[in-house]
Amino acid sequence: MKPRQALWRMVRATPKLYVTDIVLQLFRSAIPLLPALVVWKVLDQYSHGSNLTSGVWVMVGLLAGIAVARVTVLLMSVAMDAEVESAVGSMLMRNSFARILDAPGAAALRKPVGDVVSRLGGDTTTIAEMFVYALMVAGAGVQALLAVIVMMTIDPLVTLVVFVPLAAAGVLINLASSRIKDYHRASRLAAGEVSAFLGDAFNGVQAIQLAGAQRPIIARLTSLNEQRRRRTLRSRLFTETFMVSLWTNTAHVGVGLVLIIVAGQMNEGTFTVGELALFVAYLGWIADFTSLFSQNLAMYKQSVASLNRLEEILPAGGSLACLTTSASTRLVDVDAPRRVPLMCLEVRDLTFLHPNSARGVHDVSFDVQRGTFVVVTGRVGSGKSTLLRSLLGLIPLQGGEIRWNGELVTDPAQFFVPPQSAYTPQVPRLYSDTMRHNILLGLPEDDERLRLAVRSAVLEQDIDHLEHGLATLVGPRGAKLSGGQLQRVAAARMFVREPELLVFDDLSSALDVDTERRLWERLAEVSGRTCLAVSHRRVAWERADHIIVMADGRIEAQGTLEDVLRASSEIKHLWHEEGA
Ligand SMILES: Nc1ncnc2c1ncn2[C@@H]1O[C@H](COP(=O)(O)OP(=O)(O)OP(=O)(O)O)[C@@H](O)[C@H]1O
């Protein structure tokens, strides 16, 4: 789909809004033409010897009435402009978000987070402003047309002369239009690079400090900022200063030409003072239209660049068509899935290889029965996380099938969410909010349920020691908590949802042995809980009903602890390492 078609699709999505705005724009533009008409007629009557006293009062009355109408329409149309701007901006943001969130959970963004945020903010604003300007230009165009018609009825020759310099400027602007797009693209790219760099720097503050790399980081930021400054300045100078001044000055040349041509006619009495007043006033409006038109042309070119930039952040398969669709998205009409009590989860020949390393998991098959504790173990890089992620639909399955009580799960990403399952990744994400809100994450307040979840996650003592308990703010991404606390807040977030299947990816990395042991003990306190957990600790293996040992992306052995200790050299190795 071409950008032009995509923009038109957005108009068709909410036609009433645009029609209302354009009607208001027509009034907003037509009313300012009236004062010059009044002044023209009054001055002409005066030139023909009428009494000015009564005419002045009529003129004042009419001008006052026009002024009131003008202000009223102006206020209404400004309010409607804001509606259009927010409709366009929110449609683009909502659709971009919906597509990004529709991608498998663990799929990486196509651009750094900072750059994505910059595009969602800056580029959507560029497009939304272009729409508002386009509607203003439509009104101003009708205004200019009406002005030209009135001027033509007075003196066609003088009117045509005015357009010669404007036409020349139009050709110049057309020649420059591709440069406008390139300059805008370069300036937005530089802004995105600064945001992306800042995002990465904030994420890696500790690494930067440990490496003593503050100076080079600041130097790099300074150079990126300088590049952004230069490119933004070039883009603005070219579009705003050069183009606007070209149009406005050309219009002024037109006024000069009118004055030169009509000077002789006024002497002869064929061009009146009233007509001159009207020409000068209307030329001003025509100049405004041409200036607005040139700005809008520039904005259109910038919007095309911005639309392409938004398209670039969509996951594979995303296009301009999905950015500009008016169909409601999952973001607004998502329904909580119906609980389907788990009896047996069957995984058969599950395969996923990471595209850039060709490593992952091959032909993995196992069962998880209701109420059992299944532990996945293996050395670093043996495929444990990939196994959990592909099972849960966070990365797309390349082969194999998953059955829940015998029924094929066709879309794991949609299915493996609460109340069916909940998952704690190796590095859980918390939000800059209170501990309570991080655990509930939108669930209705229920103190008893919360207390049980906190107990199951072995978090109660930590909360008792915090000054504000559950109301403690955890800081950005939970930065005020230790790694172990962070893991357990995320675990409590799972428990409070009481899912059919609890999935943990490697609590051992952040918890000491004793805390991990207590967590598995508490897991068993509530009967019927089913859990699939990655762990390489004896405390987990000893409680496990079933152990899956991974080696090089395949299952080396599975069964009870006794079974796997007999059959697997991997777990023997890990067992001795653990003991040591
Ligand atoms: N995003 C990725 N791109 C390319 N290869 C990857 C990616 N993630 C993992 N791998 C590779 O896939 C294999 C399995 O990785 P995985 O993270 O599943 O192992 P793991 O057993 O969970 O390791 P750990 O104990 O360190 O968490 C490894 O060889 C790893 O290098």
Side-chain angles (χ1 to χ4, degrees), residues 100 103-113 116 200 203-204 207 315-316 347 349-366 368 374-400 402 412-413 416 421 423-429 483-484 486-488 490-491 494 501-513 516 519-520 531-541 544 546-558 564 568-578 580:
I100 290 171
L109 283 172
R110 286 173 72 191
K111 300 281 173 193
V113 178
V116 171
D200 289 347
N203 281 338
V347 177
D349 303 323
L350 190 112
T351 299
F352 177 86
L353 300 179
H354 293 280
N356 34 0
S357 68
R359 296 186 58 87
V361 289
H362 309 254
D363 305 320
V364 171
S365 300
F366 61 93
V368 178
V374 177
V375 173
V376 182
T377 196
R379 294 191 202 204
V380 167
S382 57
K384 304 177 296 289
S385 299
T386 307
L387 165 59
L388 296 191
R389 286 169 164 206
S390 49
L391 167 68
L392 299 176
L394 297 170
I395 45 181
L397 269 189
Q398 290 167 351
I402 303 161
F416 286 102
S421 85
Y423 161 69
T424 299
Q426 265 183 25
V427 185
R429 288 269 188 250
L486 208 104
Q487 284 274 13
R488 282 173 293 138
M494 284 212 304
L501 175 68
L502 293 145
V503 184
F504 292 91
D505 191 354
D506 208 357
L507 291 176
S508 328
S509 55
L511 301 190
D512 57 56
V513 180
E516 187 175 339
L519 195 134
W520 300 137
C531 178
L532 177 63
V534 168
S535 176
H536 42 76
R537 289 243 171 90
R538 285 187 185 189
V539 289
W541 300 334
H546 191 82
I547 298 176
I548 298 167
V549 186
M550 299 293 296
D552 281 337
R554 295 181 188 275
I555 295 186
E556 198 204 44
Q558 59 177 318
V564 292
S568 158
S569 54
E570 279 298 307
I571 198 160
K572 273 187 211 143
H573 171 84
L574 293 168
W575 181 271
H576 291 303
E577 260 191 359
E578 259 286 287

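First listed ligand is number 1; within each ligand, the first listed atom is number 1. The structure presented is a predicted model; accordingly, all values stated were derived computationally and were not measured.
- For atom 4 (C) of ligand 1, the nearest non-hydrogen atom of the protein is S357 OG, 3.2 Å.
- Every N/O-N/O distance between L387 and ligand 1 stays at or above 3.5 Å.
- By the 4.0 Å heavy-atom criterion, Q426 is counted among the residues contacting ligand 1.
- Here the heavy atom of the protein found nearest to atom 3 (N) of ligand 1 is N356 OD1, 3.3 Å.
- Here's the thing with V380: none of its N/O atoms is less than 3.5 angstrom from an N/O atom of ligand 1.
- In this structure, R379 has a heavy atom closer than 4.0 Å to ligand 1.
- Heavy atoms of S382 approach ligand 1 to within less than 4.0 angstrom.
- The protein heavy-atom contact nearest to atom 25 (O) of ligand 1 is K384 NZ, 2.9 Å.
- Compare G378, S385, G360 by their heavy atoms: the one nearest to atom 17 (O) of ligand 1 is in S385.
- Ring geometry for W520 versus F504: interplanar angle over 60°, hence perpendicular rather than tilted (30 to 60°).
- Counting only heavy atoms of the protein, atom 10 (N) of ligand 1 lies nearest to H354 CD2, 3.3 Å.
- The shortest contact between atom 15 (O) of ligand 1 and any protein heavy atom is with T386 OG1, 3.7 Å.
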